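Inspection log for the structure reproduced underneath, given as structure tokens.
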Amino acid sequence: MSRRPEQLLLAFLGEFVLDADVEHVPSAVLIGLLAELGTGDAATRATLARMSRRGLLEKVRAGREVAYGLAPAGESVLREARGRVLADEPFAPVGTGWTLVTFSVPESQRDARHRVRAALTWAGFGLLRDGLWIAPGEVDVATALRPLDGDLTDVELSAFRAYEIEGFSAARAVRSAWGLDEIRAHHLQFLATWADVEADVGGSAHPLRDMTALGADWLALLRADPRLPAEHLTADWPSGRSAATFRRLREELVGAARADLAGLLGRSKAPSAG
């Protein structure tokens with residue numbers, strides 16, 4: 001399974017830095033961890049620099065040593081995501097009906113358009129037709145877009161609640177906005193990727209590496225699955241198995257992974273601000 005460096009870093013930071021005793025992690029530790037997961041040094045350094053420029057990370061330096069911690073914007077993004085990451089039913093819609101969003105962004109603000117689309121996708125929205133996005137349930141649009149407050153100055157956005165009218169099924173809208181076969185494939189890939197690890201998770205020799213990879217794959221799966229109502233899914237829909245697999249693996253891995261990180265930080269002299 002292909003994992004982007006930013007995805008791996010967000011998974012690591014959300015699990016081991018957010019609301020933890022760890023404030024800053026030496027860049028050498030982050031580069032070494034992502035190297036174990038197939039990411040080259042240059043790609044990791046470039047991703048850390050890009051996340052710092054975007055205000056997600058803060059960089060501190062002591063002499064020639066550099067470390068990274070969460071900036072307020074990064075904390076906001078990860079705190080908003082944590083509720084779903086650890087939810088008992090992460091693939092069930094919240095509330096009933098549907099949430100609709102339409103937005104317009106000036107052509108000169110293409111980066112803002114991309115970030116709004118990414119935030120809507122994470123919140124479960126799919127593109128129904130040009131300019132109209134739909135999500136199952138009662139999505140808190142303000143919370144979903146809060147990390148983008150600085151990017152919304154020139155964005156014209158409206159949001160509505162909607163309900164099906166009897167005799168007019170939403171099934172066609174669901175098929176238009178989301179590819180159900182593709183969503184199923186994401187679940188099956190997650191299950192296949194972690195089947196062997198789950199069989200021998202207690203014997204993992206690399207718990208920090210495995211927990212970081214698991215977190216990145218879980219974030220990717222949550223982004224791919226919009227939390228559709230059960231009536232639009234088949235009886236053998238695999239989301240329940242995916243959720244159970246993630247919970248079992250995390251429970252087995254997270255304690256050893258934290259001990260692994262503590263050992264690495266003990267062997268690394270972390271810079272301090274100032």
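Please read these numbers as outputs of a predicted model, since none were measured by experiment.
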Could you tell me the separation between the [atom1] atom of [X] and the [atom2] atom of [Y], rounded to the nearest 0.5 Å?
| X | Y | atom1 | atom2 | result |
| --- | --- | --- | --- | --- |
| Arg54 | Glu6 | CZ | CD | 4.5 Å |
| Leu34 | Phe12 | CG | CZ | 9.5 Å |
| Asp41 | Leu30 | CG | CG | 11.5 Å |
| Arg50 | Thr47 | CZ | OG1 | 4.5 Å |
| Glu75 | Glu58 | CD | CD | 8.5 Å |
| Ile183 | Leu188 | CD1 | CG | 12.0 Å |

Is it true that, when you exclude [X] itself, more than 12 heavy atoms of the residues, nucleotides or ligands shown sit nearer than 6.0 Å to its [atom1]?
| X | atom1 | result |
| --- | --- | --- |
| Glu36 | CD | yes |
| Phe168 | CZ | no |
| Glu251 | CD | no |
| Asp21 | CG | no |

For residues 117-142, which side-chain N or O atoms pair as donor and acceptor with protein atoms under 3.5 Å away, sequence neighbours left out?
| from | atom 1 | to | atom 2 | distance (Å) |
| --- | --- | --- | --- | --- |
| Thr121 | OG1 | Arg117 | O | 2.9 |
| Trp122 | NE1 | Glu80 | OE1 | 3.1 |
| Glu138 | OE2 | Thr96 | N | 3.4 |
| Asp140 | OD1 | Ala142 | N | 3.4 |
| Asp140 | OD1 | Thr143 | N | 3.1 |
| Asp140 | OD1 | Thr143 | OG1 | 3.3 |
| Asp140 | OD2 | Thr143 | OG1 | 2.8 |

Going through the checks in order, is the side chain to side chain contact (heavy atoms under 4.5 Å, CB included) test met by Arg3 and Thr39? CA-CA 9 Å; Arg3 303 177 179 110; Thr39 299; over 6 Å; no
Locate the shortest heavy-atom distance separating [X] from [Y]; write the atom from each residue and the value.
| X | Y | result |
| --- | --- | --- |
| Phe16 | Ala20 | O-CB, 3.3 Å |
| Thr212 | Ala11 | O-CB, 3.7 Å |
| Arg79 | Asp19 | NH1-OD2, 2.7 Å |
| Ala216 | Leu8 | CB-CD2, 3.7 Å |
| Ser52 | Tyr68 | OG-CE2, 3.4 Å |
| Ala220 | Gln7 | CB-NE2, 3.3 Å |

Using a 4.5 Å cut-off on heavy atoms from C-beta on, say whether the side chain of [Y] contacts that of [X].
| X | Y | answer |
| --- | --- | --- |
| Trp218 | Pro90 | yes |
| Thr99 | Arg161 | yes |
| Phe160 | Val101 | no |
| Ile31 | Pro26 | no |
| Ser242 | Leu191 | yes |

Within one Ile-Leu-Val-Met-Phe-Trp-Tyr cluster: [X] and [Y], side-chain cutoff 4.5 Å:
| X | Y | result |
| --- | --- | --- |
| Phe190 | Leu233 | no |
| Leu48 | Leu70 | yes |
| Phe91 | Trp98 | no |
| Leu145 | Leu100 | no |
| Leu228 | Leu222 | no |

Measure up the Trp237 and His187 rings against each other and bin them: parallel (under 30°), tilted (30 to 60°), perpendicular (over 60°).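 Geometry flag for His187 against Trp237: perpendicular rings.
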Verdict with supporting geometry, Leu180 and Arg184, side chain to side chain contact (heavy atoms under 4.5 Å, CB included): CA-CA 6 Å; Leu180 297 186; Arg184 177 191 289 274; over 6 Å; no
Applying side chain to side chain contact (heavy atoms under 4.5 Å, CB included), run through Arg223 and His186 and close with a yes or a no. CA-CA 10 Å; Arg223 182 178 292 277; His186 279 290; over 6 Å; no
Check ion pair Arg227-Glu89 (N to O, under 4.0 angstrom):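 No salt bridge links Arg227 with Glu89.
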Salt bridge or not between Arg209 and Asp260? Use side-chain N to carboxylate O under 4.0 Å.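 Between Asp260 and Arg209 there is no salt bridge, as every charged N stays at least 4.0 Å from the carboxylate O atoms.
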Quick one: do Leu57 and Leu13 satisfy side chain to side chain contact (heavy atoms under 4.5 Å, CB included)? Show the steps, please. CA-CA 10 Å; Leu57 300 180; Leu13 294 164; 3.5 Å; yes
